[in-house]
Amino acid sequence: MRLATWNINGLRARLDFVLHWLKSRQPDIVGLQELKIEEDQFPRRVFEAAGYSTLVHSQKAWNGVAILSRDPMELVTEGLPGQEKYGARLIGARSKELSFLTVYCPNGKSVDHSDFPLKLAWFDGLQAFLEKEHSPHKALVLCGDLNLCPSPKDTWNEKVSKGKIFHTPEERERFQSLIDWGLMDLYRNKYPDEIKYSWWDYRGGAFHLNQGLRIDFLLGTEAIVQRVQDVVIDRDYRKKKDGMTTSDHTPVYVDLCF
DNA sequence: ATGTCGGAATTATTCCGA
């Protein structure tokens with residue numbers, strides 16, 4: 001079973017690209033973030049024709065998350081409880097094998113911006129939600145764009161960026177709280193010393209220079225970790241395909257022996 | 001080069017967010 005996460009940066013602009021990737025990689029469950037589309041504009045039938053059931057929690061212009069699945073999943077959660085006003089950023093579903101949550105965490109802009117404490121509060125809300133509604137002793141995958149670099153290995157320039165947005169102790173503490181609760185970073189667990197990124201700025205040839213960040217994650221509980229075969233940061237899909245423009249994020253997927 | 005995108009508001013240009 002192949003599970004994936006991908007911040008697509010606008011579904012209308014990315015639909016053909018996403019379909020190309022689905023056909024090529026054949027994932028079973030996908031968490032998508034940054035749809036930037038109203039729910040009633042979501043191209044449900046296009047995904048159904050490609051073989052996927054869809055669950056969507058979205059809004060006009062910004063944010064928006066969805067779950068695509070080969071087998072229909074049961075919708076469990078739409079929106080992070082207590083944090084709904086910060087946008088459509090969480091959706092959760094369940095299959096017979098596992099619970100699957102996908103999130104688009106707030107960016108925060110900069111440490112001195114009023115969005116920064118809101119970002120931290122959003123993570124605190126996520127932590128409280130997990131503690132209340134989920135168990136580290138069950139099969140759970142939490143994936144998405146966390147908008148933070150957990151360690152110096154996850155950023156191209158810790159020296160310059162340390163203490164700045166995505167690189168602060170406060171954000172890293174929030175990430176560590178998720179780990180302490182019972183989630184593992186599936187990529188880092190499999191590849192402790194690899195330096196690979198999942199996001200590169202559109203500007204300044206950052207992708208070509210490999211000036212990236214690893215901010216897109218698949219986190220899993222112990223029951224998931226035991227089933228991991230491989231974890232792939234699918235860098236090839238940060239490159240143009242047939243003239244189609246890419247997201248600034250690339251997909252990340254895990255193969256599980258279910 | 002504050003260098004690129006996607007989307008909204010408004011109608012080809014500017015703004016906002018990332």
Side-chain angles (χ1 to χ4, degrees), chain A residues 5-21 31-43 46 56-66 79-80 83-90 102-123 126 143-150 154-157 160-161 163-168 170-171 174-175 197-217 233-252:
Chain A
T5 181
W6 195 5
N7 178 323
I8 56 171
N9 189 21
L11 182 55
R12 277 169 290 184
R14 208 72 59 219
L15 183 57
D16 291 340
F17 202 76
V18 172
L19 292 169
H20 190 290
W21 176 78
L32 298 176
Q33 305 91 36
E34 274 208 271
L35 307 181
K36 296 182 172 181
I37 194 171
E38 284 174 285
E39 277 181 29
D40 60 9
Q41 305 280 355
F42 186 86
V46 176
V56 184
H57 178 54
S58 196
Q59 65 184 95
K60 189 177 181 179
W62 312 115
N63 311 314
V65 286
L80 178 57
Q83 295 288 335
E84 293 92 342
K85 65 180 179 300
Y86 211 164
R89 294 176 179 274
L90 180 147
T102 194
V103 294
Y104 172 51
C105 300
N107 177 292
K109 295 192 179 72
S110 63
V111 293
D112 52 4
H113 194 281
S114 60
D115 279 9
F116 185 62
L118 296 176
K119 176 181 191 175
L120 300 179
W122 194 93
F123 273 97
L126 179 62
C143 67
D145 175 3
L146 298 194
N147 269 327
L148 60 82
C149 304
D154 304 310
T155 171
W156 71 279
N157 198 346
V160 166
S161 301
K164 295 183 179 169
I165 197 75
F166 293 26
H167 303 71
T168 65
E170 293 89 343
E171 290 161 297
R174 267 53 179 201
F175 183 86
Y197 307 128
S198 66
W199 174 89
W200 298 261
D201 201 305
Y202 284 123
R203 293 168 290 190
F207 180 66
H208 189 68
L209 297 166
N210 198 29
Q211 297 178 344
L213 307 174
R214 193 173 72 94
I215 57 176
D216 299 273
F217 300 90
I233 297 180
D234 200 358
R235 193 177 179 282
D236 193 46
Y237 273 82
R238 185 58 176 74
K239 300 172 186 170
K240 272 196 161 69
K241 291 254 180 287
D242 307 334
M244 294 183 284
T245 52
T246 72
S247 171
D248 43 358
H249 298 251
T250 209
V252 184

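Proteins come first, then strands; the chains are lettered A, B, ... in the order of their sequence lines, and each starts at number 1. These numbers were taken from a predicted model, which means no experiment stands behind them.
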_What's the gap between B/dC15 and B/dT10 when it is taken at their C1' atoms, as a whole Å value?_
11 Å
_Rounded to whole Å, how long is the line connecting atom CH2 of A/W200 with atom C1' of B/dC5?_
16 Å
*Considering residues, nucleotides and ligands other than A/K164, do more than 12 of their heavy atoms fall under 6.0 Å from its NZ?*
no
*Send over the distance from A/M244 CE to B/dC5 P, rounded to a whole Å.*
15 Å
*Roughly, in whole Å, what's the span from CZ in A/R238 to P in B/dT4?*
13 Å
*Over 60° means perpendicular and under 30° means parallel, so classify the ring planes of A/F17 and A/H20, tilted if in between.*
parallel
*Parallel, tilted or perpendicular: which fits the ring planes of A/F175 and A/F217, with parallel below 30° and perpendicular above 60°?*
tilted
*side chain to side chain contact (heavy atoms under 4.5 Å, CB included) involving A/K239 - partner list, sequence neighbours excluded*: A/F207, A/R235, A/D236
*Whole-Å distance between B/dG17 P and A/Y86 OH?*
11 Å
*asked:* Against A/D145, only a single residue in A/N9, A/N107, A/N7, A/T102 fulfils side chain to side chain donor-acceptor pair (under 3.5 Å); can you say which?
replied: A/N7
_Would you measure the distance from the P atom in B/dT13 across to the matching atom in B/dA1 and give it in whole Å?_
26 Å
*Return the value, rounded to whole Å, for the distance between atom CG of A/D248 and atom P of B/dG3.*
15 Å
_Measure CG/A/D201 against P/B/dA18 and give the value in whole Å, please._
13 Å
_Comparing A/N63 and A/T246 on DNA chain B - which has the more 5′ nearest nucleotide_ = A/T246
*How close or far is atom C1' of B/dC16 from atom NE2 of A/H113, stated in whole angstroms?*
11 Å
*Please check the phosphate of B/dG6 (OP1 and OP2 only) for any side-chain N or O of A/T245 closer than 4.0 Å.*
yes
*Quick check: does any side chain N or O of A/R238 sit under 3.5 Å from a backbone N or O of A/D248, one acting as donor and the other as acceptor?*
yes
*asked:* Between A/Q33 (side chain only) and A/Y104 (backbone N and O only), is there a donor and an acceptor less than 3.5 Å apart?
replied: no
Please tabulate, one pair per line, each protein N/O and nucleotide N/O from nucleotides 7-12 of chain B that are separated by under 3.5 Å, including the distance.
residue : atom : partner : partner atom : Å
B/dA9   : OP2  : A/K60   : NZ           : 3.4

*With heavy atoms under 4.0 Å as the rule, sort A/F166 into base, sugar-phosphate or nothing.*
nothing
*Atom-to-atom span, CH2 of A/W199 to P of B/dC5 - whole angstrom*: 13 Å
*Nearest-nucleotide wise, let me know which of A/K240 and A/N7 is further upstream toward the 5' end of DNA chain B.*
A/K240
*Rounded to whole angstrom, note down the C1' distance from B/dG7 over to B/dA12.*
15 Å
